[in-house]
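Scroll down for the structure; my scribbles are underneath it.
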Amino acid sequence: MIALKLTENFGMSSQIQFVFSALVASVTVGGKAATKQIAKQNSTVIVAFVSKIINLDK
């Protein structure tokens, strides 16, 4: 969807959409791999932080 919107907004051909799709997928997978160790080391802090944010709505 991101690639589709980029190609539509910038008036690019639909063939370029495949390149953008590959780039978005690689950034997603790479980002997950890069932050996995941080998440494992700080899981308690992350869960506490998110629970505080979720609890603000109540």
Side-chain angles (χ1 to χ4, degrees):
M1 200 61 173
I2 294 170
L4 177 65
K5 290 296 182 183
L6 282 173
T7 54
E8 283 179 357
N9 288 341
F10 292 109
M12 298 177 188
S13 70
S14 61
Q15 294 172 343
I16 302 290
Q17 180 180 347
F18 295 110
V19 174
F20 280 125
S21 294
L23 287 173
V24 169
S26 65
V27 168
T28 301
V29 172
K32 181 182 175 186
T35 58
K36 188 174 187 175
Q37 188 64 29
I38 296 168
K40 286 171 75 174
Q41 291 174 346
N42 299 306
S43 60
T44 305
V45 175
I46 294 169
V47 170
F49 178 75
V50 171
S51 65
K52 286 178 184 178
I53 291 175
I54 291 172
N55 202 20
L56 287 177
D57 291 338
K58 296 178 180 184

Quick check for you: to the nearest 0.5 Å, what is the distance between I38 atom CD1 and K40 atom NZ?
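Answer rounded to 0.5 Å: 12.5 Å.
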
Please name the pair of heavy atoms, one in S26 and one in L23, separated by the smallest distance, quoted to 0.1 Å.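 Distance-wise, the nearest heavy atoms are OG-O, 2.9 Å.
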
Residues two or more places apart in sequence or in another chain: which of them pass side chain to side chain contact (heavy atoms under 4.5 Å, CB included) with V24?
->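 Expected list: I2, T28.
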
In the single-linkage hydrophobic clustering (I, L, V, M, F, W, Y; side-chain heavy atoms under 4.5 Å), do I16 and F10 co-cluster?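 Yes, it is one cluster - the side chains of I16 and F10 are joined through contacts under 4.5 Å.
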
Please tabulate, for the side chains in residues 44-53, all donor-acceptor contacts under 3.5 angstrom to protein atoms that are two or more places apart in sequence or on a different chain.
| unit_1 | atom_1 | unit_2 | atom_2 | d |
| --- | --- | --- | --- | --- |
| S51 | OG | V47 | O | 3.1 |
| S51 | OG | A48 | O | 2.8 |

